[in-house]
Student: 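Below is the structure I would like to discuss, written out as structure tokens.
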Amino acid sequence: MDIQAIRSQFPILDRTVYGKPLVYLDNAATSQTPRRVVEAIDNAYYGHKANVHRGVHCLSQEATDAMEAGREAARRFINAPSTDEVIFTRGTTEGINLVASSYGQLLDEGDEVILTVMEHHSNIVPWQLLASRRGVVIKVVPILPDGSLDLDAYRALFSPRTRLVSVCHASNVLGSVNPIREMAEEAHRHGCVICVDGAQGVPHIKVDVQALGCDFYAFSSHKMYGPTGIGILYGRRELLEKMPPYQGGGEMIGHVSFDGTTWADLPYKFEAGTPDYVGAAALTQAIEFMEETGIDAIAAHEHDLLEYATPLMMEIPGMRIFGTAPGKCAVISFLIGRAHHYDTGMLLDKLGFAVRTGHHCAQPLMQALGIEGTVRASFAAYNTRAEVDAFIAALRRLAPMLQ
Ligand code: C6P
């Protein structure tokens with residue numbers, strides 16, 4: 001991979017903060033955006049801004065084509081069988097809320113949903129809302145000391161009342177990559193469906209929803225070099241067909257009358273209102289950026305940075321790294337000495353390093369780890385070993401103040 005050629009596509013990487021070169025290591029929160037994505041947004045606004053699927057005029061047709069091309073790109077990206085199974089959402093959070101809200105209506109009081117302790121709040125709270133609405137019971141899979149999922153405990157949690165499993169593809173805190181295929185097989189053996197939170201999956205792992213065997217897969221564009229405000233929910237056709245609509249409004253209907261309303265075909269049944277057609281057009285460019293760079297090449301490069309950074313970080317006095325599971329993705333959560341994560345993050349910021357601090361929207365995981373929060377460095381395609389060197393040097397410099 002030609003990193004300099006990749007970096008040249010991201011103008012923001014040339015900026016400074018507080019007079020220091022920016023080293024952007026907050027990619028798990030949101031990645032930066034290549035020029036071609038921003039140009040696609042410009043083209044949509046300047047060239048063919050019009051509402052989609054509604055106008056007979058040329059602009060509306062062009063906007064519709066650009067949006068549907070985004071859907072087809074997303075289908076190809078995750079190898080979904082059909083674009084009918086590819087629903088535009090606002091992001092991972094909305095995708096999971098859609099499943100919990102709509103598929104959740106097919107669950108009864110006492111039915112069980114399995115989650116894991118490493119879930120982001122967006123894969124916990126929608127299920128808690130469902131639990132309070134329908135009396136569904138939530139069960140939680142614990143983790144092992146290295147941050148990988150306790151698969152024996154997972155298998156033991158199934159009961160005749162289990163209906164659904166919802167699990168992250170990769171943890172945003174620990175980096176652990178969950179064995180989705182194996183988990184899906186287990187879920188299906190028990191007659192359950194499996195929903196995957198792919199927010200931290202698609203940026204780092206080549207995803208094939210058919211090979212994974214998952215029933216739902218949700219992800220966000222902004223974490224994979226795309227625009228913010230748009231995401232995808234893949235759902236298996238036979239499930240989507242029996243699920244009620246998530247929201248009501250324009251575009252999701254077949255026919256409306258006060259005597260009764262019918263629903264549009266898939267995927268539009270789940271896309272009420274004017275969609276983010278500009279975001280959809282720009283998502284195509286993010287996907288093509290990843291495909292042209294090579295998703296496996298991106299993953300290998302990030303893995304190299306992880307393998308390079310981890311032992312160097314471990315040499316820093318007082319360093320504790322959370323999440324050491326084999327095959328983890330390029331996320332390093334850590335604490336140094338007795339320093340508060342926020343103080344470490346603030347000092348790093350002053351030196352030009354953008355990292356995330358806090359509970360990372362995973363408070364139950366923090367409780368399981370017995371901490372309040374961590375500092376988190378996360379890598380993307382454009383990060384370099386030189387940036388890792390600079391980061392380690394900064395940590396070495398700060399370490400004495402942080403004990
Ligand atoms: N995690 C992080 O800094 P949205 O906000 O809908 O695009 O994605 C939510 C989400 C869901 N699942 C996982 C595993 C995630 O990591 C995230 C977003 C960011 O870790 C922001 S909290």
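Remember, it's a predicted structure, so these values are computed and weren't measured experimentally. In listed order, ligands and their atoms are each counted from 1.
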Student: Does E241 pair with K269 as a salt bridge, N-O distance under 4.0 Å?
Tutor: no

Student: Under 3.5 Å, which donor-acceptor pairs link side chains of residues 135-142 to any protein atom two or more places apart or in another chain?
Tutor:
from: K139; atom 1: NZ; to: E112; atom 2: OE1; distance (Å): 3.1
from: K139; atom 1: NZ; to: L157; atom 2: O; distance (Å): 3.2

Student: May I ask you to decide if the ring planes of Y225 and Y382 are parallel, tilted or perpendicular, using 30° and 60° as cut-offs?
Tutor: perpendicular

Student: Could you check whether D26 pairs with R356 (Lys NZ or Arg NE/NH1/NH2 to Asp/Glu carboxylate O, under 4.0 Å)?
Tutor: no

Student: I'd like the contact residues of ligand 1, where contact means a heavy atom below 4.0 Å.
Tutor: A28, A29, T92, T93, H120, S122, N172, D197, A199, Q200, S220, H222, K223, R356, C361, R376

Student: Walk me through it: do R161 and E109 pass the test salt bridge (Lys or Arg N to Asp or Glu O under 4.0 Å)?
Tutor: CA-CA 10 Å; R161 293 305 303 270; E109 188 173 345; over 6 Å; no

Student: Measure the acute angle between the ring planes of F391 and F353, then classify it against the limits of 30° and 60° as parallel, tilted or perpendicular.
Tutor: tilted

